Each structure stands twice: as C-alpha cells, then as structure tokens.
Amino acid sequence: MSKKPSKRKQKAHKDLVQVDAFMIPAPFAAMYQVLREAVAEDLLALLSQEFARVARVSDNEEEGEAVVAYDAADVEQLRIYLNPSNISQAQKARDKHQLDKFVDHFRQT
C-alpha cells in the first residue's frame, strides 16, 4: 500500500493553481496570468514587425505554450516559451523598454 500524503503536502497542493503547464501558488496565479498575457501580446506585436507570421502554439506538454515566429517560407525561426522564468525575465526587460534585447537571447544562430 502506498503512503497517504501528509496534510501539509495536501494543503500545499491545494494552494497551487495550474496555468498552462505550470503550477503557480494560488495567491499569485491571477497576477501571473495577467502578466503572462501582457508579455505574450507584447512579444506577438514585436515579432510581427520582423517575421512573416507569429503565433501562440501549444505543441509541447512539458514546456507549455510558446510564441513562435516563422519566416516567409513558414519555417520556424524563433520560439519563446511562456514559462514562469521567461515571463519574469521578459517583464524586467519590458520595464526597461528592452524587450528586443530579451528576444535576442532566443534567436537561432
């Protein structure tokens, strides 16, 4: 027989909210979702200036949703996952008006 999870673990799990492929602490989930949407929209707008097509895709269960940029031949050129780490870094870049520099870290060489 497997062990029953402790009440502490049960409570910790209940205090998490799933956003895309990630579990976010409940007190931060709503704020995180708003920030995530704002970053995604800014990335879509910025990348649309350079690439033929930009889309939000959910083709990787483990990594979650991403903003993907395609060239005129519809070949993927850039992919930025909307994970908590990238959202945090993108927000810092947005605050400094340097989202383009954040995007540069994801360019294929």
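Source: prediction; values computed, not measured.
Asp42 CG to Glu37 CD: the interatomic distance, rounded to the nearest 0.5 Å, is 11.0 Å. Considering CD of Glu61 and CG of Asp59, their distance stands at 10.5 Å, rounded to 0.5 Å. Of the inter-residue distances, the one linking Ile80 atom CD1 with Glu65 atom CD reads 12.5 Å to the nearest 0.5 angstrom.
The existence of a salt bridge linking Glu41 and Arg36 is excluded, since no basic side-chain nitrogen approaches an acidic carboxylate oxygen closer than 4.0 Å. A salt bridge does not link Asp104 with Lys101: none of the charged nitrogens is closer than 4.0 Å to a carboxylate oxygen.
Side-chain contact between Leu44 and Val67 is present, with heavy atoms from C-beta onward closer than 4.5 Å. A 4.5 Å side-chain heavy-atom check between Leu43 and Arg56 finds every atom pair outside the cut-off. Val75 has its side chain within reach of Gln77: a pair of non-hydrogen atoms, C-beta onward, lies under 4.5 Å apart. Using a 4.5 Å heavy-atom cutoff, the side chains of Gln89 and Lys92 are not in contact. Inter-residue side-chain proximity for Arg53 and Asp74 is flagged as met; some heavy-atom pair is nearer than 4.5 Å. Within the 4.5 Å cutoff, the side chain of Asn86 has heavy atoms near those of the Phe102 side chain.
Linking Ile, Leu, Val, Met, Phe, Trp and Tyr whenever their side-chain heavy atoms come within less than 4.5 Å puts Met31 and Val39 in one cluster. Leu35 and Phe28 fall within the same hydrophobic cluster, where Ile, Leu, Val, Met, Phe, Trp and Tyr residues are linked whenever their side-chain heavy atoms come under 4.5 Å apart, directly or through other members. Note: the hydrophobic cluster containing Tyr70 does not contain Phe106 (ILVMFWY, side chain heavy atoms under 4.5 Å, direct or indirect links). Clustering ILVMFWY residues whenever any of their side-chain heavy atoms sit less than 4.5 angstrom apart, transitively, puts Leu99 in a cluster other than the one holding Val68.
The nearest pair of heavy atoms linking Arg107 to Phe51 is NH1-CZ, 3.7 Å. Nearest heavy atom pair, residue Tyr32 against residue Asn83, reads OH-C, 3.6 Å. For Asn60 against Tyr81, the heavy-atom pair with the smallest separation is ND2-OH, 3.6 Å.
Crowding of Gln18 atom CD: a count of heavy atoms from other residues, nucleotides or ligands under 6.0 Å exceeding 12.
A side chain to side chain contact (heavy atoms under 4.5 Å, CB included) with Pro84 holds for exactly one of Ile24, Val19, Asp20; it is Ile24.
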Begin from the C-alpha positions of Gln91 and Arg94 and carry the test side chain to side chain donor-acceptor pair (under 3.5 Å) through to its verdict.
-> CA-CA 5 Å; Gln91 177 58 35; Arg94 285 175 72 224; 2.7 Å; yes
